[in-house]
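Here's the structure we're looking at; comments come further down.
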Amino acid sequence: MMFPASKKQISTIAVALIFSFYTAAATAAPVAPTVRAPGASAGTVPRQISAQSTATAPQPAAEPEQALQSATEKPESTPVTTAPVETTQPVTVSAAATDTAPAASKPVTTSQPKTTEAVKSAAAQKQSATVVPGHPFRIQNKEENYNSLLSKTATRKLDAALADMIGGYGEKVPGLAVIVFKNGKEVYRNMMGNRFLSPRNKNWNLPVTSESRFRVASISKIFTAAGYMKLVEEGKINLDEDVSRYLGFTLRNPNYPNKPITSRMLLSHTSSIRDYPTPYVPFKSNVKSFFTSADCWTRGKAPGSYFSYCNLNYVLLATITEKVSGQRFDKYMTKNVLRPLDIKGSFNLRDFSSSDLQKMGTLYRKTKGESGRYYAQIDDRPIDLPSASLLSSYRPGTNAGIFSPQGGLRISPEELAHMLEMLLNQGKFKGKELLKPTTVQLMEKPVWNYNPAQPNGNIENDSIESYGLALQYFSGNGSTRPAPNRPDFDLVGHLGEAYGFIGGLMWQPGTKNGFLFLQNGFATDYKHNKGRYSRNYRWEENFMKTIIENVFPK
(Lines give C-alpha, C1' and ligand atoms only; values in the text may rest on other atoms or scores of the structure.)
Protein backbone atom coordinates (compact mmCIF):
# COMPACT_ATOMS: atom_id res chain seq x y z
CA MET A 1 0.00 0.00 0.00
CA MET A 2 1.24 3.48 -0.83
CA PHE A 3 0.88 6.31 1.57
CA PRO A 4 0.70 9.98 0.56
CA ALA A 5 4.06 11.70 0.98
CA SER A 6 4.42 14.45 3.53
CA LYS A 7 5.40 17.99 2.56
CA LYS A 8 8.81 17.42 4.14
CA GLN A 9 9.37 14.25 2.09
CA ILE A 10 8.32 16.02 -1.12
CA SER A 11 10.74 18.85 -0.38
CA THR A 12 13.58 16.38 0.26
CA ILE A 13 12.90 14.52 -2.99
CA ALA A 14 12.77 17.80 -4.95
CA VAL A 15 16.13 18.96 -3.56
CA ALA A 16 17.69 15.59 -4.42
CA LEU A 17 16.39 15.75 -7.98
CA ILE A 18 17.69 19.31 -8.46
CA PHE A 19 21.10 18.33 -7.05
CA SER A 20 21.27 15.33 -9.39
CA PHE A 21 20.42 17.53 -12.37
CA TYR A 22 23.17 20.07 -11.70
CA THR A 23 25.71 17.38 -10.92
CA ALA A 24 25.00 15.74 -14.26
CA ALA A 25 25.20 19.09 -16.05
CA ALA A 26 28.58 19.90 -14.49
CA THR A 27 30.10 16.62 -15.60
CA ALA A 28 28.52 16.46 -19.04
CA ALA A 29 30.58 16.84 -22.20
CA PRO A 30 31.37 20.48 -23.04
CA VAL A 31 28.88 22.27 -25.24
CA ALA A 32 30.02 24.00 -28.42
CA PRO A 33 30.39 27.77 -28.15
CA THR A 34 28.06 30.28 -29.72
CA VAL A 35 30.70 32.18 -31.65
CA ARG A 36 29.20 34.32 -34.36
CA ALA A 37 30.66 33.46 -37.72
CA PRO A 38 31.81 36.16 -40.14
CA GLY A 39 28.87 37.54 -42.04
CA ALA A 40 26.36 37.03 -39.25
CA SER A 41 24.05 39.91 -38.57
CA ALA A 42 25.66 41.09 -35.38
CA GLY A 43 27.59 44.05 -34.11
CA THR A 44 27.19 46.11 -30.99
CA VAL A 45 26.91 49.85 -30.85
CA PRO A 46 30.40 51.06 -29.95
CA ARG A 47 30.54 52.69 -26.58
CA GLN A 48 32.95 53.59 -23.89
CA ILE A 49 33.00 51.45 -20.76
CA SER A 50 30.84 52.99 -18.07
CA ALA A 51 29.53 52.02 -14.68
CA GLN A 52 26.05 51.73 -16.13
CA SER A 53 26.91 49.25 -18.88
CA THR A 54 26.33 46.13 -16.79
CA ALA A 55 24.63 45.11 -13.60
CA THR A 56 26.67 41.95 -13.11
CA ALA A 57 29.97 43.48 -12.07
CA PRO A 58 31.36 46.96 -11.38
CA GLN A 59 33.05 48.53 -14.38
CA PRO A 60 36.74 49.48 -14.30
CA ALA A 61 37.84 52.96 -15.19
CA ALA A 62 39.25 53.35 -18.68
CA GLU A 63 43.02 53.23 -18.97
CA PRO A 64 44.91 56.44 -19.69
CA GLU A 65 46.36 54.74 -22.79
CA GLN A 66 43.25 53.31 -24.34
CA ALA A 67 39.66 53.97 -23.38
CA LEU A 68 38.19 53.25 -26.80
CA GLN A 69 35.82 50.35 -27.16
CA SER A 70 35.52 49.43 -30.81
CA ALA A 71 32.58 48.02 -32.71
CA THR A 72 34.02 44.57 -32.09
CA GLU A 73 33.77 44.90 -28.35
CA LYS A 74 31.15 44.80 -25.66
CA PRO A 75 31.02 45.94 -22.04
CA GLU A 76 32.22 43.66 -19.30
CA SER A 77 29.80 40.89 -18.45
CA THR A 78 29.53 37.79 -16.33
CA PRO A 79 31.56 35.02 -17.99
CA VAL A 80 29.61 32.68 -20.25
CA THR A 81 28.60 29.21 -19.20
CA THR A 82 28.85 27.46 -22.56
CA ALA A 83 32.12 25.81 -23.38
CA PRO A 84 34.30 26.85 -26.30
CA VAL A 85 35.55 24.14 -28.61
CA GLU A 86 39.23 23.25 -28.63
CA THR A 87 40.30 21.29 -31.66
CA THR A 88 43.13 19.55 -29.81
CA GLN A 89 43.72 18.80 -26.17
CA PRO A 90 46.48 20.80 -24.48
CA VAL A 91 49.73 18.82 -24.21
CA THR A 92 51.74 19.13 -21.02
CA VAL A 93 55.13 17.91 -19.93
CA SER A 94 54.09 15.97 -16.87
CA ALA A 95 51.01 14.98 -14.94
CA ALA A 96 52.45 16.66 -11.89
CA ALA A 97 52.19 19.98 -13.65
CA THR A 98 48.59 19.51 -14.68
CA ASP A 99 46.63 17.29 -12.34
CA THR A 100 45.80 19.92 -9.75
CA ALA A 101 45.73 23.69 -9.55
CA PRO A 102 49.01 25.18 -8.36
CA ALA A 103 49.12 25.84 -4.67
CA ALA A 104 48.55 29.47 -3.84
CA SER A 105 51.20 31.29 -1.85
CA LYS A 106 50.43 34.28 0.32
CA PRO A 107 48.73 37.07 -1.57
CA VAL A 108 50.85 40.17 -2.12
CA THR A 109 49.82 42.68 0.52
CA THR A 110 52.30 45.50 -0.05
CA SER A 111 49.58 47.97 -0.89
CA GLN A 112 46.65 46.11 0.72
CA PRO A 113 45.20 46.54 4.22
CA LYS A 114 46.89 44.33 6.80
CA THR A 115 45.16 41.09 7.77
CA THR A 116 46.01 38.24 10.12
CA GLU A 117 48.03 35.29 8.82
CA ALA A 118 45.05 33.03 9.44
CA VAL A 119 42.82 35.16 7.23
CA LYS A 120 45.51 35.27 4.53
CA SER A 121 45.90 31.50 4.60
CA ALA A 122 42.15 30.89 4.40
CA ALA A 123 41.81 33.36 1.54
CA ALA A 124 44.69 31.73 -0.33
CA GLN A 125 43.12 28.27 0.05
CA LYS A 126 39.78 29.56 -1.18
CA GLN A 127 41.39 31.26 -4.17
CA SER A 128 43.34 28.13 -5.03
CA ALA A 129 40.16 26.09 -5.04
CA THR A 130 37.64 28.43 -6.64
CA VAL A 131 39.23 31.41 -8.33
CA VAL A 132 41.70 29.84 -10.71
CA PRO A 133 40.42 26.37 -11.58
CA GLY A 134 42.16 24.89 -14.58
CA HIS A 135 45.20 27.16 -14.26
CA PRO A 136 47.69 24.29 -14.21
CA PHE A 137 48.32 24.63 -17.94
CA ARG A 138 52.08 24.72 -17.63
CA ILE A 139 54.80 24.14 -20.18
CA GLN A 140 53.28 22.80 -23.39
CA ASN A 141 55.73 20.53 -25.14
CA LYS A 142 54.73 21.33 -28.69
CA GLU A 143 57.61 23.24 -30.25
CA GLU A 144 55.34 26.03 -31.46
CA ASN A 145 54.32 26.68 -27.83
CA TYR A 146 57.53 25.92 -25.96
CA ASN A 147 61.18 25.79 -26.92
CA SER A 148 64.48 26.76 -25.31
CA LEU A 149 68.04 26.95 -26.61
CA LEU A 150 69.27 28.44 -23.34
CA SER A 151 71.36 26.62 -20.77
CA LYS A 152 69.55 24.22 -18.46
CA THR A 153 70.04 26.58 -15.55
CA ALA A 154 68.72 29.65 -17.38
CA THR A 155 65.81 27.65 -18.79
CA ARG A 156 64.84 26.28 -15.40
CA LYS A 157 64.93 29.73 -13.77
CA LEU A 158 62.98 31.38 -16.56
CA ASP A 159 60.38 28.60 -16.66
CA ALA A 160 59.91 28.76 -12.89
CA ALA A 161 59.62 32.56 -12.80
CA LEU A 162 56.98 32.59 -15.52
CA ALA A 163 55.04 29.72 -13.94
CA ASP A 164 54.97 31.67 -10.69
CA MET A 165 53.18 34.53 -12.46
CA ILE A 166 50.11 32.42 -13.19
CA GLY A 167 47.27 32.71 -10.69
CA GLY A 168 44.39 34.74 -9.39
CA TYR A 169 45.66 37.19 -6.76
CA GLY A 170 48.23 39.96 -6.28
CA GLU A 171 50.45 40.25 -9.34
CA LYS A 172 49.26 36.93 -10.77
CA VAL A 173 47.76 36.70 -14.25
CA PRO A 174 45.42 34.26 -16.05
CA GLY A 175 47.68 33.62 -19.05
CA LEU A 176 50.94 34.76 -20.62
CA ALA A 177 53.31 34.36 -23.57
CA VAL A 178 57.02 35.14 -23.99
CA ILE A 179 59.31 34.92 -27.03
CA VAL A 180 62.99 35.96 -26.88
CA PHE A 181 65.58 36.59 -29.62
CA LYS A 182 69.34 36.68 -29.05
CA ASN A 183 71.81 37.61 -31.77
CA GLY A 184 68.98 37.46 -34.29
CA LYS A 185 67.90 33.92 -33.39
CA GLU A 186 64.91 32.84 -31.35
CA VAL A 187 66.26 31.23 -28.17
CA TYR A 188 63.19 30.87 -25.98
CA ARG A 189 59.41 30.74 -26.13
CA ASN A 190 56.81 29.80 -23.56
CA MET A 191 53.02 29.97 -23.46
CA MET A 192 51.32 29.45 -20.09
CA GLY A 193 47.95 29.77 -18.42
CA ASN A 194 44.61 30.25 -20.10
CA ARG A 195 43.33 32.31 -22.99
CA PHE A 196 39.74 31.53 -21.96
CA LEU A 197 38.35 30.79 -18.49
CA SER A 198 35.08 29.00 -17.80
CA PRO A 199 33.40 29.87 -14.49
CA ARG A 200 31.55 26.53 -14.33
CA ASN A 201 33.86 23.79 -15.56
CA LYS A 202 37.65 23.93 -15.48
CA ASN A 203 37.77 21.37 -18.28
CA TRP A 204 36.37 24.04 -20.56
CA ASN A 205 39.30 26.37 -19.89
CA LEU A 206 41.55 26.79 -22.92
CA PRO A 207 45.34 27.29 -22.87
CA VAL A 208 47.36 30.14 -24.32
CA THR A 209 49.19 28.92 -27.43
CA SER A 210 51.39 30.55 -30.04
CA GLU A 211 48.26 30.88 -32.22
CA SER A 212 46.08 32.57 -29.59
CA ARG A 213 45.25 36.05 -30.84
CA PHE A 214 44.77 38.89 -28.38
CA ARG A 215 43.82 42.53 -28.73
CA VAL A 216 47.27 43.95 -28.04
CA ALA A 217 46.40 47.55 -27.10
CA SER A 218 49.04 50.15 -27.96
CA ILE A 219 51.51 47.66 -29.40
CA SER A 220 49.17 48.22 -32.37
CA LYS A 221 50.72 51.66 -32.80
CA ILE A 222 53.96 50.10 -34.08
CA PHE A 223 52.01 48.48 -36.90
CA THR A 224 50.00 51.60 -37.72
CA ALA A 225 53.23 53.57 -37.87
CA ALA A 226 54.93 50.96 -40.09
CA GLY A 227 52.11 51.32 -42.61
CA TYR A 228 52.35 55.09 -42.43
CA MET A 229 56.12 55.09 -42.90
CA LYS A 230 55.74 53.04 -46.08
CA LEU A 231 53.82 55.99 -47.53
CA VAL A 232 56.63 58.28 -46.34
CA GLU A 233 59.18 56.06 -48.10
CA GLU A 234 57.10 56.25 -51.28
CA GLY A 235 57.22 60.05 -51.17
CA LYS A 236 53.47 60.35 -50.68
CA ILE A 237 53.79 61.87 -47.20
CA ASN A 238 56.32 64.35 -45.84
CA LEU A 239 56.87 63.98 -42.09
CA ASP A 240 57.24 67.74 -41.64
CA GLU A 241 54.44 68.88 -43.95
CA ASP A 242 51.23 70.38 -42.56
CA VAL A 243 48.86 67.38 -42.34
CA SER A 244 45.99 69.65 -43.36
CA ARG A 245 47.21 69.04 -46.89
CA TYR A 246 46.43 65.33 -46.59
CA LEU A 247 43.28 65.57 -44.51
CA GLY A 248 41.48 68.02 -46.76
CA PHE A 249 40.70 70.50 -43.96
CA THR A 250 42.73 72.82 -41.76
CA LEU A 251 43.84 71.09 -38.55
CA ARG A 252 44.90 73.64 -35.96
CA ASN A 253 45.13 74.08 -32.23
CA PRO A 254 42.85 77.13 -31.87
CA ASN A 255 45.28 78.53 -29.29
CA TYR A 256 48.05 78.45 -31.95
CA PRO A 257 46.25 79.07 -35.26
CA ASN A 258 49.47 79.80 -37.15
CA LYS A 259 51.36 76.69 -36.03
CA PRO A 260 51.05 73.75 -38.49
CA ILE A 261 50.69 70.22 -37.11
CA THR A 262 52.88 67.62 -38.81
CA SER A 263 53.02 63.84 -39.14
CA ARG A 264 56.16 63.81 -36.99
CA MET A 265 54.19 65.50 -34.21
CA LEU A 266 51.32 63.02 -34.48
CA LEU A 267 53.65 60.01 -34.45
CA SER A 268 55.54 61.31 -31.40
CA HIS A 269 52.55 62.61 -29.39
CA THR A 270 53.80 66.20 -29.53
CA SER A 271 50.88 67.55 -31.62
CA SER A 272 49.23 69.33 -28.64
CA ILE A 273 46.17 67.09 -29.03
CA ARG A 274 44.91 65.38 -25.87
CA ASP A 275 42.48 62.51 -25.27
CA TYR A 276 39.58 64.77 -24.34
CA PRO A 277 36.59 64.76 -24.21
CA THR A 278 37.05 61.20 -25.49
CA PRO A 279 40.10 59.16 -26.58
CA TYR A 280 38.37 58.37 -29.87
CA VAL A 281 36.31 60.04 -32.58
CA PRO A 282 32.68 58.88 -32.23
CA PHE A 283 31.94 56.40 -35.00
CA LYS A 284 28.99 58.33 -36.39
CA SER A 285 31.11 61.47 -36.55
CA ASN A 286 34.12 62.33 -38.71
CA VAL A 287 37.55 63.71 -37.96
CA LYS A 288 36.84 67.08 -39.56
CA SER A 289 33.83 67.91 -37.40
CA PHE A 290 35.43 66.44 -34.28
CA PHE A 291 38.75 68.30 -34.45
CA THR A 292 37.17 71.60 -35.43
CA SER A 293 34.63 71.56 -32.60
CA ALA A 294 35.93 69.38 -29.73
CA ASP A 295 37.95 70.84 -26.87
CA CYS A 296 40.78 68.36 -27.36
CA TRP A 297 43.65 70.84 -27.47
CA THR A 298 46.38 71.53 -24.93
CA ARG A 299 46.47 75.12 -23.75
CA GLY A 300 49.73 76.97 -23.22
CA LYS A 301 51.78 74.30 -25.03
CA ALA A 302 52.48 74.90 -28.68
CA PRO A 303 52.47 71.99 -31.14
CA GLY A 304 55.89 70.35 -31.31
CA SER A 305 57.02 71.48 -27.85
CA TYR A 306 55.12 69.30 -25.38
CA PHE A 307 54.50 65.54 -25.01
CA SER A 308 51.03 64.29 -24.19
CA TYR A 309 50.32 60.62 -24.93
CA CYS A 310 47.17 60.67 -27.04
CA ASN A 311 45.29 57.97 -28.95
CA LEU A 312 43.58 60.58 -31.11
CA ASN A 313 46.91 61.17 -32.86
CA TYR A 314 46.73 57.66 -34.31
CA VAL A 315 43.12 58.04 -35.40
CA LEU A 316 44.34 60.98 -37.50
CA LEU A 317 47.33 59.02 -38.83
CA ALA A 318 45.09 56.15 -39.92
CA THR A 319 42.65 58.56 -41.55
CA ILE A 320 45.53 60.20 -43.43
CA THR A 321 46.66 56.72 -44.50
CA GLU A 322 43.23 56.21 -46.05
CA LYS A 323 43.22 59.62 -47.73
CA VAL A 324 46.65 59.14 -49.29
CA SER A 325 46.34 55.46 -50.23
CA GLY A 326 42.69 55.52 -51.24
CA GLN A 327 42.12 52.31 -49.28
CA ARG A 328 40.23 51.49 -46.12
CA PHE A 329 42.69 51.35 -43.21
CA ASP A 330 42.21 47.68 -42.33
CA LYS A 331 42.61 46.61 -45.97
CA TYR A 332 45.67 48.81 -46.48
CA MET A 333 47.33 47.38 -43.36
CA THR A 334 46.60 43.79 -44.34
CA LYS A 335 48.03 44.25 -47.84
CA ASN A 336 51.06 46.39 -47.02
CA VAL A 337 52.16 45.36 -43.51
CA LEU A 338 50.49 42.24 -42.14
CA ARG A 339 50.54 39.94 -45.17
CA PRO A 340 54.21 40.71 -46.04
CA LEU A 341 55.06 39.69 -42.46
CA ASP A 342 53.08 36.46 -42.78
CA ILE A 343 50.56 37.75 -40.24
CA LYS A 344 46.92 36.71 -40.45
CA GLY A 345 45.93 38.94 -37.57
CA SER A 346 43.81 41.97 -38.37
CA PHE A 347 42.32 45.29 -37.27
CA ASN A 348 38.93 43.91 -38.38
CA LEU A 349 37.34 40.94 -36.60
CA ARG A 350 35.34 40.10 -39.73
CA ASP A 351 38.57 39.00 -41.39
CA PHE A 352 38.74 35.93 -39.14
CA SER A 353 37.28 32.53 -39.98
CA SER A 354 35.16 30.61 -37.49
CA SER A 355 38.16 28.48 -36.52
CA ASP A 356 40.24 31.63 -35.99
CA LEU A 357 37.55 33.03 -33.71
CA GLN A 358 37.69 29.83 -31.66
CA LYS A 359 41.37 30.53 -31.00
CA MET A 360 40.81 34.12 -29.92
CA GLY A 361 42.13 35.04 -26.49
CA THR A 362 39.96 36.82 -23.94
CA LEU A 363 41.09 39.73 -21.76
CA TYR A 364 40.19 39.59 -18.07
CA ARG A 365 40.02 41.62 -14.89
CA LYS A 366 38.77 41.01 -11.40
CA THR A 367 36.23 43.70 -10.69
CA LYS A 368 34.92 42.51 -7.33
CA GLY A 369 38.24 42.17 -5.52
CA GLU A 370 40.99 39.61 -5.92
CA SER A 371 39.02 36.98 -3.99
CA GLY A 372 36.39 37.07 -6.74
CA ARG A 373 36.59 35.60 -10.21
CA TYR A 374 37.99 36.96 -13.43
CA TYR A 375 35.49 38.82 -15.59
CA ALA A 376 35.90 39.00 -19.35
CA GLN A 377 36.54 42.50 -20.70
CA ILE A 378 37.20 41.90 -24.40
CA ASP A 379 36.47 38.97 -26.76
CA ASP A 380 34.33 36.94 -24.40
CA ARG A 381 32.14 34.21 -25.92
CA PRO A 382 30.10 34.77 -28.04
CA ILE A 383 32.44 37.11 -29.91
CA ASP A 384 30.57 40.09 -31.32
CA LEU A 385 31.62 41.12 -34.80
CA PRO A 386 31.58 44.70 -36.11
CA SER A 387 28.42 45.78 -37.85
CA ALA A 388 28.43 44.78 -41.51
CA SER A 389 26.35 47.83 -42.37
CA LEU A 390 28.79 50.13 -40.58
CA LEU A 391 31.66 48.77 -42.65
CA SER A 392 29.78 48.72 -45.96
CA SER A 393 28.65 52.32 -45.59
CA TYR A 394 32.00 53.62 -44.36
CA ARG A 395 33.77 56.11 -46.62
CA PRO A 396 37.61 55.88 -46.36
CA GLY A 397 39.24 59.07 -45.19
CA THR A 398 36.44 60.21 -42.89
CA ASN A 399 37.16 58.45 -39.56
CA ALA A 400 39.50 55.45 -39.54
CA GLY A 401 39.00 55.28 -35.79
CA ILE A 402 36.33 52.64 -36.39
CA PHE A 403 39.24 50.18 -36.80
CA SER A 404 40.97 51.21 -33.55
CA PRO A 405 44.36 51.92 -35.21
CA GLN A 406 45.70 52.98 -31.81
CA GLY A 407 45.02 49.68 -30.06
CA GLY A 408 42.67 47.30 -31.87
CA LEU A 409 45.01 44.86 -33.63
CA ARG A 410 44.30 41.23 -32.82
CA ILE A 411 47.44 39.19 -33.27
CA SER A 412 49.14 36.07 -31.90
CA PRO A 413 52.48 35.78 -30.06
CA GLU A 414 53.93 33.99 -33.10
CA GLU A 415 52.82 36.81 -35.40
CA LEU A 416 54.13 39.50 -33.05
CA ALA A 417 57.49 37.75 -33.27
CA HIS A 418 57.44 38.33 -37.03
CA MET A 419 57.25 42.10 -36.50
CA LEU A 420 60.03 41.89 -33.92
CA GLU A 421 62.18 39.87 -36.32
CA MET A 422 61.67 42.50 -39.04
CA LEU A 423 62.70 45.31 -36.72
CA LEU A 424 65.74 43.40 -35.46
CA ASN A 425 66.80 42.92 -39.09
CA GLN A 426 66.45 46.61 -39.91
CA GLY A 427 63.32 46.29 -42.01
CA LYS A 428 63.72 42.82 -43.53
CA PHE A 429 61.63 39.71 -42.89
CA LYS A 430 62.69 36.41 -44.43
CA GLY A 431 64.96 38.24 -46.83
CA LYS A 432 62.27 40.64 -48.10
CA GLU A 433 62.33 44.33 -47.25
CA LEU A 434 59.25 45.81 -45.63
CA LEU A 435 60.93 49.02 -44.46
CA LYS A 436 64.28 50.56 -45.30
CA PRO A 437 67.01 50.39 -42.61
CA THR A 438 67.04 54.19 -42.44
CA THR A 439 63.31 54.17 -41.72
CA VAL A 440 63.67 51.79 -38.78
CA GLN A 441 66.53 53.87 -37.41
CA LEU A 442 64.44 57.03 -37.81
CA MET A 443 61.57 55.47 -35.89
CA GLU A 444 63.94 54.42 -33.07
CA LYS A 445 65.49 57.87 -32.68
CA PRO A 446 63.85 59.90 -29.87
CA VAL A 447 61.93 62.94 -31.04
CA TRP A 448 61.09 63.99 -27.50
CA ASN A 449 62.92 63.59 -24.17
CA TYR A 450 61.46 64.51 -20.82
CA ASN A 451 63.12 67.42 -19.04
CA PRO A 452 62.31 67.35 -15.30
CA ALA A 453 63.92 70.76 -14.78
CA GLN A 454 61.46 72.40 -17.16
CA PRO A 455 58.67 69.85 -17.51
CA ASN A 456 57.94 69.50 -21.21
CA GLY A 457 55.43 66.67 -21.07
CA ASN A 458 52.56 65.08 -19.22
CA ILE A 459 53.96 61.77 -17.98
CA GLU A 460 51.83 61.22 -14.90
CA ASN A 461 49.74 58.44 -16.40
CA ASP A 462 52.34 56.84 -18.69
CA SER A 463 55.71 55.27 -18.04
CA ILE A 464 57.34 57.23 -20.85
CA GLU A 465 60.38 59.47 -20.61
CA SER A 466 61.53 59.39 -24.23
CA TYR A 467 59.58 58.81 -27.46
CA GLY A 468 60.40 58.46 -31.15
CA LEU A 469 58.06 57.72 -34.06
CA ALA A 470 55.61 55.31 -32.42
CA LEU A 471 58.39 53.89 -30.22
CA GLN A 472 59.21 54.33 -26.55
CA TYR A 473 62.80 54.44 -25.32
CA PHE A 474 63.65 52.73 -22.03
CA SER A 475 66.99 53.97 -20.68
CA GLY A 476 68.90 51.54 -18.49
CA ASN A 477 69.67 54.31 -16.01
CA GLY A 478 66.38 56.20 -16.31
CA SER A 479 63.08 56.11 -14.47
CA THR A 480 61.70 53.50 -16.90
CA ARG A 481 64.76 51.22 -16.73
CA PRO A 482 63.97 47.66 -17.82
CA ALA A 483 65.94 45.98 -15.02
CA PRO A 484 67.56 47.05 -11.74
CA ASN A 485 71.32 47.50 -11.66
CA ARG A 486 71.60 47.29 -15.44
CA PRO A 487 72.44 50.83 -16.64
CA ASP A 488 73.99 49.17 -19.71
CA PHE A 489 70.69 47.73 -20.90
CA ASP A 490 68.54 50.12 -22.96
CA LEU A 491 65.43 49.09 -24.86
CA VAL A 492 63.25 50.58 -27.56
CA GLY A 493 59.76 49.40 -28.47
CA HIS A 494 56.24 49.85 -27.13
CA LEU A 495 54.08 48.75 -24.23
CA GLY A 496 50.39 47.97 -24.36
CA GLU A 497 48.07 48.45 -21.38
CA ALA A 498 44.27 48.19 -21.72
CA TYR A 499 41.29 46.14 -20.48
CA GLY A 500 43.55 43.82 -18.47
CA PHE A 501 46.05 43.30 -21.28
CA ILE A 502 49.68 44.09 -20.46
CA GLY A 503 52.34 43.51 -23.08
CA GLY A 504 55.53 44.73 -24.68
CA LEU A 505 57.48 44.35 -27.90
CA MET A 506 61.02 45.66 -27.47
CA TRP A 507 64.64 45.28 -28.48
CA GLN A 508 68.12 46.61 -27.76
CA PRO A 509 68.90 49.30 -30.33
CA GLY A 510 71.95 48.48 -32.45
CA THR A 511 71.72 44.75 -31.67
CA LYS A 512 69.67 41.74 -32.70
CA ASN A 513 68.49 41.10 -29.14
CA GLY A 514 64.83 41.53 -28.30
CA PHE A 515 61.74 39.99 -26.80
CA LEU A 516 57.99 40.20 -26.51
CA PHE A 517 55.70 39.40 -23.61
CA LEU A 518 52.00 39.57 -22.96
CA GLN A 519 49.44 38.72 -20.31
CA ASN A 520 45.68 38.62 -20.81
CA GLY A 521 44.51 39.96 -17.49
CA PHE A 522 45.24 40.79 -13.88
CA ALA A 523 43.76 40.28 -10.44
CA THR A 524 44.54 43.63 -8.79
CA ASP A 525 44.37 47.06 -10.37
CA TYR A 526 47.05 49.48 -11.52
CA LYS A 527 47.38 51.42 -8.27
CA HIS A 528 48.36 48.25 -6.40
CA ASN A 529 50.98 47.32 -8.97
CA LYS A 530 53.24 50.33 -9.26
CA GLY A 531 56.82 49.40 -10.03
CA ARG A 532 59.34 48.48 -7.36
CA TYR A 533 62.34 50.08 -9.09
CA SER A 534 60.89 51.99 -12.05
CA ARG A 535 57.84 53.85 -13.32
CA ASN A 536 56.73 50.74 -15.18
CA TYR A 537 54.07 48.48 -13.66
CA ARG A 538 55.13 45.44 -11.64
CA TRP A 539 53.82 43.08 -14.30
CA GLU A 540 56.13 44.74 -16.84
CA GLU A 541 59.02 44.70 -14.39
CA ASN A 542 58.45 41.00 -13.70
CA PHE A 543 58.69 40.12 -17.39
CA MET A 544 61.60 42.40 -18.30
CA LYS A 545 63.72 41.69 -15.23
CA THR A 546 63.23 37.91 -15.54
CA ILE A 547 64.09 37.85 -19.24
CA ILE A 548 67.08 40.19 -19.01
CA GLU A 549 68.68 38.49 -15.98
CA ASN A 550 68.36 34.99 -17.44
CA VAL A 551 68.92 35.55 -21.16
CA PHE A 552 71.13 38.64 -21.19
CA PRO A 553 73.21 38.53 -17.99
CA LYS A 554 76.16 40.86 -17.54
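Worth knowing before you read on, the calculation uses all heavy atoms, side chains too, and leaves out hydrogens, waters and symmetry mates.
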Pairing donors with acceptors under 3.5 angstrom, does anything connect the side chains of [X] and [Y]?
{"X": "Asn542", "Y": "Glu171", "value": "yes"}
{"X": "Tyr309", "Y": "Asp275", "value": "no"}
{"X": "Thr362", "Y": "Arg381", "value": "yes"}
{"X": "Asn520", "Y": "Tyr499", "value": "no"}
{"X": "Gln406", "Y": "Thr224", "value": "no"}
{"X": "Glu444", "Y": "Trp507", "value": "yes"}

Exercise. Do Gln358 and Ser355 pass the side-chain hydrogen bond (donor to acceptor under 3.5 Å, both in side chains) test, and can you show the C-alpha distance, the side-chain angles, and the key distance before you say yes or no?
Worked result: CA-CA 5 Å; Gln358 301 275 6; Ser355 60; over 6 Å; no
Exercise. Testing Arg213, Arg195, Arg410 for side chain to side chain donor-acceptor pair (under 3.5 Å) with Asp379, which one passes?
Worked result: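 Result for side chain to side chain donor-acceptor pair (under 3.5 Å) with Asp379: Arg410.
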Exercise. Is Gln377 close to Tyr364 at the side-chain level, that is, under 4.5 Å between some pair of heavy atoms?
Worked result: no
Problem set entry | Residue pair Ile166 / Leu176, side-chain heavy-atom distance below 4.5 Å | yes
Exercise. Hey, is the main chain of Asp525 close enough, under 3.5 Å, to the side chain of Asn529 for a donor-acceptor pair?
Worked result: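 Confirmed, Asn529 side chain pairs with Asp525 backbone.
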For this session: Mind running side-chain hydrogen bond (donor to acceptor under 3.5 Å, both in side chains) on Glu465 and Thr480 for me, showing each step along the way?
Result: CA-CA 7 Å; Glu465 59 185 353; Thr480 60; 2.8 Å; yes
Problem set entry | Test log, rule salt bridge (charged side-chain N to carboxylate O under 4.0 Å, His left out), inputs Lys430 and Glu421 | CA-CA 9 Å; Lys430 293 184 177 178; Glu421 188 175 346; over 6 Å; no
Exercise. Going by the angle between their ring planes, with limits at 30° and 60°, are Tyr467 and His269 parallel, tilted or perpendicular?
Worked result: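 Plane angle over 60°, so perpendicular.
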For this session: On the 0 to 90° scale, with breaks at 30° and 60°, tag the Trp539-Tyr537 ring pair as parallel, tilted or perpendicular.
Result: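 Geometry flag for Tyr537 against Trp539: tilted rings.
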For this session: Measure the spacing between OG1 of Thr334 and CD1 of Ile343 and express it to the nearest 0.5 Å.
Result: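 Taking OG1 in Thr334 and CD1 in Ile343, the distance rounds to 10.0 Å.
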Exercise. Distance from Leu206 atom CG to Ser212 atom OG, nearest 0.5 Å?
Worked result: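 Taking CG in Leu206 and OG in Ser212, the distance rounds to 8.5 Å.
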Seminar exercise, completed: Which of Leu416, Leu505, Leu495 passes side chain to side chain contact (heavy atoms under 4.5 Å, CB included) with Phe517? Answer is Leu495
Exercise. Taking it one step at a time, do Ser218 and Lys221 satisfy side-chain hydrogen bond (donor to acceptor under 3.5 Å, both in side chains)?
Worked result: CA-CA 5 Å; Ser218 277; Lys221 289 181 172 69; 2.6 Å; yes
Problem set entry | Audit row: Asn205, Ser198, side-chain hydrogen bond (donor to acceptor under 3.5 Å, both in side chains) steps and yes/no | CA-CA 5 Å; Asn205 292 358; Ser198 168; 4.7 Å; no
Exercise. Which is it for Phe501 and Phe214 under the ring pair (Phe, Tyr, Trp, His ring centres under 6.0 Å) test, yes or no, and what are the steps along the way?
Worked result: CA-CA 8 Å; Phe501 176 88; Phe214 298 93; 7.1 Å; no
